[in-house]
Amino acid sequence: MSRFHRRFSAITGSLLLVAAGSIHADLDGSDSDNALDGALQTTPVFKSEYTEQGRFGSPFAEPTIVVDGETVTTDEKCVENADGELECKPAAGTMALLKDGRILYLNALEGTENVETSIVGEFGEVSINDQTRVLALDENDTPNWIKPAPLRAGANPDGNDSETLLNDTPLDGVIDTADNTDKNDGALFCSDVIGLANGNVLAVGGTDYYSEPGIDGLPLGVVELEGIKNSRIYDEESNTWTQSGDMTYGRWYPSLVTMGNGNVFVASGVTKLIKPVYPEDPMNSGRNVVQTETYNPCAGEWRVNPSTADRSLPLYPRMHLLPNGHVLYNAGGQAFNPFGQGYDQALWNIVASYNPETQRWNDIGYAGLPLRLDENGLGQLNSTLNITNGSLEQAAELLGGVVRSPSDLRETSVTVTASEESLQMAIAGGMRGSTSSTMLPLKPNANGEYTDVELLTAGGVPSYGLLTNPGGYFPIAQSRVDTISTNGDQIDYESRLTGPLNQPRWYGTNVLMPDGSVMVFSGGDRDGVAAPGLEGPIRTAERFDPATGTWTEMAMANQSRTYHNTAVLMDDGRVMIAGHSPINTAYLSFINLEDFGLAPYDGRDPSFEIYTPPYAMRNDRPEIKRAPRSLTVGDRFRIKLEDDADNIDKAMLIRRTVMTHLIDGDQRAVELVIEKTKGNKMTLRMPDNHNVVPAGEYMLFVSKDTPEGRVPSVSAPITVVNHGLECMAPTQVADNTVTIDGVIESTVDIL
């Protein structure tokens with residue numbers, strides 16, 4: 001068992017004490033009036049630092065920088081080397097919670113501090129492949145850092161075969177600098193990351209920087225950011241990065257989703273960001289990559305899906321695996337493509353699902369509005385309008401669907417009323433940029449089946465219904481929940497407004513909490529990509545309560561974090577907050593306007609801070625003493641608690657977060673069926689479907705309801721095994737046993 005897991009178990013006696021028969025105490029720690037006469041002094045329910053808003057701990061950062069081959073200890077973010085360039089501590093532009101509780105993180109936009117005049121003119125030459133780190137905390141929250149090998153993940157050491165405008169012609173290299181360096185041909189920046197079934201981390205895509213036009217040896221040109229084809233795997237046991245199979249298409253800002261069978265689905269990204277011109281493929285010029293691919297983790301290979309799986313999507317499209325195995329696109333993403341997002345960007349407004357069995361998309365409806373496209377014969381509208389996969393057969397199917405459903409279409413248009421709520425939905429309907437799409441906890445129905453999904457979308461940049469994306473660069477406070485009901489391949493979709501955020505928020509990071517709530521951290525009050533350095537930071541966190549549909553302001557963070565901020569749930573139910581790697585002010589050099597109330601723009605922020613929610617400031621949290629280390633679908637299993645389970649009424653599996661750019665397409669929490677409670681033991685049942693719980697690393701929390709809100713335990717680590725993935729299925733843990741009635745339980749306490 002890792003030191004990190006031992007840490008949480010060993011300190012439960014002091015930090016997470018559940019006093020048998022403890023008496024509810026007032027906030028000042030005094031016993032309540034109904035204490036039994038003569039009772040011994042009991043541990044108070046609330047710790048001395050308890051607050052209803054939670055609290056942020058003091059920021060901390062890596063203490064050293066390597067400069068000219070020597071390790072320098074400094075509190076500064078950057079140190080100048082012998083060549084006059086700044087060497088800087090990396091910031092957590094991407095974070096992944098590893099199976100042993102440590103955190104892997106990736107830098108973002110490395111080299112921006114060395115831009116002297118304009119990032120547009122210089123970054124093709126001064127950029128550097130991004131560093132990686134692993135952060136661990138000991139039992140006293142003392143941080144420790146180690147460096148993976150290779151430090152920068154090792155892609156394209158001999159340079160990338162860049163797809164320049166004159167590539168593979170006699171003039172190749174004449175007007176670009178793509179072949180003059182290997183220090184920036186394999187950046188992890190703007191890859192997407194995902195947790196594999198065996199706990200390793202897969203990073204897909206990334207960045208190749210160069211100038212085009214540009215001339216070797218001259219300092220100025222026009223930067224190009226090209227998406228690369230690499231996929232890289234981080235193995236925490238060996239602390240190494242290795243190369244896996246390459247994709248067919250280079251992707252910058254792609255999105256990944258784990259399928260029920262363990263394969264990984266990738267969509268979108270762009271091969272060239274600034275000048276997306278492809279002479280060999282002119283129809284795909286001027287837009288994002290429409291082709292999708294599927295990765296087989298056992299073979300380490302990608303295959304391109306058929307043209308029916310093509311779809312125009314925004315960058316980092318918000319996608320989720322549904323209980324029926326379909327992948328849902330929830331009309332959200334990053335709307336960052338300079339001078340227009342794509343000539344077919346209007347199609348991004350449509351919610352759709354991808355069926356991996358038929359390998360085709362079905363259009364469901366215009367996001368946030370009651371008009372159902374698939375029920376009115378328009379389920380193939382997007383595919384037909386996509387010039388790379390449109391066909392006479394496709395058009396005939398679309399036309400036939402419309403002909404069959406004229407009355408439905410007419411009826412729908414009549415029944416859409418102009419209520420205040422529908423007008424609000426229309427204003428902010430369609431694609432939402434720079435916001436999260438968070439799957440609320442999956443709950444079993446009366447039959448123990450998981451069929452319905454609720455997705456929370458709040459803030460971000462709206463498309464304002466009829467306008468092309470992003471439609472505006474000022475975020476909104478509107479919040480909505482989209483409900484998707486599945487019955488086989490049948491999907492029902494509807495949206496409802498919730499209470500709004502307390503202030504409009506661009507680029508806030510959502511975290512699904514073990515009490516069933518959703519927290520949002522960081523971000524800004526204006527779009528920091530449209531006008532970098534001119535956004536005001538939002539430091540106050542907010543909490544969404546699904547039961548009331550309202551947002552509540554919580555504690556205020558210490559640091560201002562806008563672009564490339566991150567947040568992940570930790571094993572003990574706290575949240576690690578990090579990031580802030582801004583683009584240079586106004587796309588020039590860094591000009592810090594923090595004194596005017598704007599976000600800090602003096603470079604990246606390498607610091608971390610831990611948010612402790614109110615429930616983690618209590619002494620009466622439930623405590624899991626024993627749980628199986630690995631489970632699969634359909635398993636019935638037993639856990640042992642420190643005290644009787646009389647008040648424990650929920651058990652939840654939460655997948656370990658692996659996120660970048662606000663999203664982790666695999667982020668999910670699953671409420672388990674509680675079959676039986678007896679004394680200090682609970683019998684639970686796993687879902688019977690890997691579409692609900694894809695194989696990988698999870699955290700098991702149990703919780704109880706209190707007058708102050710739900711109180712979850714510290715988690716127990718659970719590996720969900722898919723026995724169909726033999727290459728990644730761990731051997732059965734030896735300390736598990738199976739009872740006569742088929743219940744799995746561990747025979748060894750968590751120590």
Side-chain angles (χ1 to χ4, degrees), residues 255 257 259 265 267-268 290 292 308-314 317-333 344-386 389-390 394 397-402 404-405 408-409 411-413 415-416 422 425-426 428-432 435 437-440 442 450-457 462-463 465-466 469 480-497 665 691:
S255 281
V257 173
M259 312 298 287
F265 178 78
S268 192
V290 298
T292 64
T308 53
D310 291 359
R311 190 173 186 89
S312 176
L313 294 166
R318 293 358 180 193
M319 301 191 302
H320 308 270
L321 178 67
L322 298 179
N324 64 352
H326 292 205
V327 175
L328 183 88
Y329 162 62
N330 198 34
D344 52 4
Q345 63 187 10
L347 301 177
W348 301 350
N349 294 301
I350 298 174
V351 174
S353 68
Y354 171 73
N355 184 338
E357 296 296 326
T358 62
Q359 296 185 301
R360 66 188 304 174
W361 292 86
N362 181 64
D363 296 335
I364 296 173
Y366 197 99
L369 299 184
L371 176 64
R372 284 294 301 270
L373 296 176
D374 55 344
E375 292 180 355
N376 295 306
L378 299 174
Q380 297 301 308
L381 176 64
N382 192 301
S383 295
T384 303
L385 296 178
N386 184 350
N389 67 351
Q394 191 84 49
E397 182 175 345
L398 174 69
L399 181 61
V402 174
R404 289 191 297 271
S405 308
D408 295 337
L409 191 61
E411 182 179 345
T412 301
S413 64
T415 56
V416 175
S422 63
M425 295 292 284
M431 186 267 183
R432 189 78 59 82
T435 186
S437 175
T438 304
M439 183 183 291
L440 298 180
L442 292 165
Y450 298 82
T451 59
D452 294 354
V453 170
E454 290 190 318
L455 301 172
L456 172 69
T457 301
S463 64
L466 299 178
N469 297 300
R480 76 170 191 254
V481 170
D482 301 317
T483 301
I484 298 92
S485 300
T486 65
N487 181 10
D489 289 336
Q490 177 64 37
I491 295 176
D492 291 327
Y493 169 87
E494 63 179 25
S495 295
R496 69 179 188 275
L497 290 176
N691 295 323

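Please read these numbers as outputs of a predicted model, since none were measured by experiment.
- To the nearest 0.5 Å, the span separating CG on Asp344 from OG on Ser312 amounts to 3.0 Å.
- Residues forming a ring pair (Phe, Tyr, Trp, His ring centres under 6.0 Å) with Phe265 (at least two apart in sequence, or on another chain): Tyr354.
- Closest heavy-atom contact between Arg432 and Thr457: NH1-CG2, 3.9 Å.
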Would you please test Met259 and Val327 for side chain to side chain contact (heavy atoms under 4.5 Å, CB included) and show each step?
CA-CA 8 Å; Met259 312 298 287; Val327 175; 3.6 Å; yes

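- Counting all heavy atoms, side chain and backbone alike, Ala309 lies closest to Trp361 at O-NE1, 2.8 Å.
- Pairing each heavy atom of Gly333 with each of Arg318, the nearest pair is CA-NH1, 3.7 Å.
- Scanning both residues, Leu328 and Ile364, for their nearest heavy atoms gives CD1-CD1, 3.8 Å.
- Taking the charged nitrogens against the carboxylate oxygens, Arg311 and Asp363 do have a contact shorter than 4.0 Å, which makes a salt bridge.
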Evaluate Leu322 against Asn691 for side chain to side chain contact (heavy atoms under 4.5 Å, CB included), listing each step before the verdict.
CA-CA 7 Å; Leu322 298 179; Asn691 295 323; over 6 Å; no

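- What you find for Pro314 and Ser268 is that their closest heavy atoms are O-OG, 2.7 Å.
- Among residues two or more places apart in sequence or in another chain, the side-chain contact (heavy atoms from CB on, under 4.5 Å) test is passed with Thr483 by Glu454, Val481, Ser485, Glu494, Arg496.
- Taking CG from Leu440 and CG from Leu455, the interatomic distance works out to 7.5 Å, rounded to the nearest 0.5 Å.
- Looking at Thr486, its side chain does come within 3.5 Å of a backbone N or O of Thr451 through a donor-acceptor pair.
- When the side-chain hydrogen bond (donor to acceptor under 3.5 Å, both in side chains) test is applied to Thr292, the partners found at least two apart in sequence or on another chain are Asn305.
- Considering all non-hydrogen atoms of both residues, Gly325 and Leu321 come closest at O-CD1, 3.6 Å.
- Inspection of the Asn330 and Ser437 side chains reveals an N or O donor paired with an N or O acceptor under 3.5 Å.
- Note that CG of Leu369 is 11.0 Å distant from CD1 of Ile350, once rounded to the nearest 0.5 Å.
- Between the side chain of Tyr493 and the backbone N or O of Ala352, no donor-acceptor pair lies under 3.5 Å.
- When each of Ile484, Asn355, Asn362 is tested with Ile491 by the rule side chain to side chain contact (heavy atoms under 4.5 Å, CB included), just one qualifies, namely Ile484.
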